[in-house]
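Everything below concerns the one structure shown next.
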Amino acid sequence: MDLEKHPHPPQAPTAPAAPTAPVAQAAPVAQAAPTAPGLRASDADRDRIADILRDALAEGRLTAEEHAERIDSVYRAKTVGELQPLVEDLPAPGGGRRDQTAAPWAQADPNVPVTAESLIAVFSSSTRKGRWRIGARTKAFSLFGNIEIDLTEALFEQRLTVIDATSIFGNVEITVPENISLRGSGTGIFGNFEVENLESENPEAPVVVVNGYSVFGNIEAKPKRGKFVTDLHKRLEKHLDKHLRKHLG
C-alpha cells in the first residue's frame, strides 16, 4: 500500500539538454537557404548583380569588354549559383568606392536649372543641349523617336554620370567633350549600340558611363572633337572664394 501512495517516484525525466538540441539543428537550415546555388534567380537578383558590374565598370575595375561579357551572362543565368561567380572578384556594394562628393566637379552655377532625370521620345523627339546641369543618373527611352543628349557645354555636379538608354525602332545620340572619360556597355538586337571609349589624361575628369539596349534602333555615344570642359576648375575657385568671403566677412 505504501508503494501505491507515492505519486512522485523519481524526478529523473527532467533533462536540460532536450531543449538545446532543436536550436542547434535550426541554425544551419536558416544559413543555407539564401546561398543555395540551385535556387532560381529572380529579376531582382539579376538587377543587383548588374548594378555591381555597372559600378565596377565606372570605377575602372572592369574593361568595357569584360563588363559586356558578364552582363550577357547575368541575363542568361537561371540560378543564383550562376550569378555569384560573376562578382566574386569585385567589392560588395558600398565598399571601396571613391567619395564622389569630394570631387572638384561638384560645383555648378546655381542659376542654371537641373535637367530632368528622364528623357522620353515616343513618335517624337527630345533634346538636351547647351548650358545645363546633368544629374548623376539620366534615363533615355526612345520608341519610334529621336533623343539627343549633348554634354559638350553641360555642367557636371558629380564625377560619375550614368546614362541608361533604351531604343526601340528609335535613335539615341549622346555627345561629350573630348577631355572627359567615356565608357559604356550595351546590346543591340537587330540594331546598333556603339560607344567610342575615351580615357581622359586627367584622373579627376568627369566619367560618363552609357548603358544601352537597342532593338531595331540605334544608340551612339562619342566625343565631339574640339569641345572641352575648360571652366570647371575656375568655377570651383570662384565658388570657394565666394564661400570664404561670406563666412569671413
Side-chain angles (χ1 to χ4, degrees), residues 51 53-68 71 96-119 126-140 147-167 171-186 192-214 218-240:
D51 286 342
L53 294 175
R54 184 179 298 122
D55 289 342
L57 172 67
E59 294 171 355
R61 299 181 189 274
L62 293 177
T63 65
E65 292 77 14
E66 291 171 330
H67 179 264
I71 281 292
R97 295 182 182 174
R98 290 183 291 263
D99 183 6
Q100 305 291 343
T101 59
W105 318 108
Q107 311 301 335
D109 188 347
N111 297 320
V112 179
V114 180
T115 183
E117 294 184 355
S118 297
L119 299 175
S126 180
T127 303
R128 288 288 187 274
K129 63 180 180 179
R131 210 66 175 158
W132 59 292
R133 289 192 287 167
I134 184 169
R137 196 174 209 98
T138 296
K139 295 183 181 294
I147 295 177
E148 179 185 356
I149 302 176
D150 188 343
L151 303 179
T152 56
E153 296 182 23
L155 304 178
F156 294 86
E157 293 197 309
Q158 61 287 316
R159 184 169 183 267
L160 174 62
T161 298
V162 178
I163 299 176
D164 297 315
T166 302
S167 175
N171 181 57
V172 178
E173 294 183 3
I174 301 162
T175 309
V176 303
E178 63 176 320
N179 61 335
I180 72 168
S181 293
L182 175 62
R183 303 167 188 164
S185 176
N192 177 59
F193 176 85
E194 181 180 354
V195 173
E196 188 175 327
N197 288 334
L198 183 69
E199 289 297 329
S200 173
E201 296 180 357
N202 180 3
E204 296 298 326
V207 177
V208 175
V209 176
V210 178
N211 300 305
Y213 184 74
S214 172
N218 177 65
I219 297 175
E220 291 184 10
K222 58 185 177 180
K224 188 171 185 178
R225 303 304 174 187
K227 287 289 187 177
F228 300 93
V229 181
T230 57
D231 64 344
L232 294 179
H233 286 292
K234 292 180 181 178
R235 286 181 177 276
L236 174 62
E237 292 173 1
K238 182 179 178 180
H239 175 84
L240 292 176

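Every value quoted in this text rests on a predicted model; they were computed, and no experiment measured them.
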Would you say R183 and V195 make side-chain contact, with heavy atoms under 4.5 Å?
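Sidechains of V195 and R183: no contact.
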
Looking at every non-hydrogen atom in both residues, tell me the closest pair between [X] and [Y] and how far apart they are.
X    : Y    : value
I180 : P206 : CB-O, 3.4 Å
A205 : S200 : CB-OG, 3.4 Å
A165 : V172 : CB-CG1, 4.1 Å
V208 : F156 : CG2-CE2, 3.9 Å
E66  : R61  : OE1-O, 4.3 Å
S167 : I219 : CB-CG1, 3.7 Å

Between D150 and T152, does any side-chain donor sit less than 3.5 Å from a side-chain acceptor?
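Yes, because at least one side-chain N or O of D150 sits under 3.5 Å from a partner of the opposite role on T152.
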
Criterion side chain to side chain contact (heavy atoms under 4.5 Å, CB included) against R137, the qualifying member of V209, V162, I163:
V162

Between E173 and K222, is there a salt bridge with N-O shorter than 4.0 Å?
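Result for this pair is no, no salt bridge flagged.
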
Quick one: pull up CG in L155 and CZ in R133 and give me the separation to the nearest 0.5 Å.
7.5 Å

Quick check for you: to the nearest 0.5 Å, what is the distance between T175 atom OG1 and E196 atom CD?
10.5 Å

Under 3.5 Å donor-acceptor, Q158 side chain and I134 backbone
yes

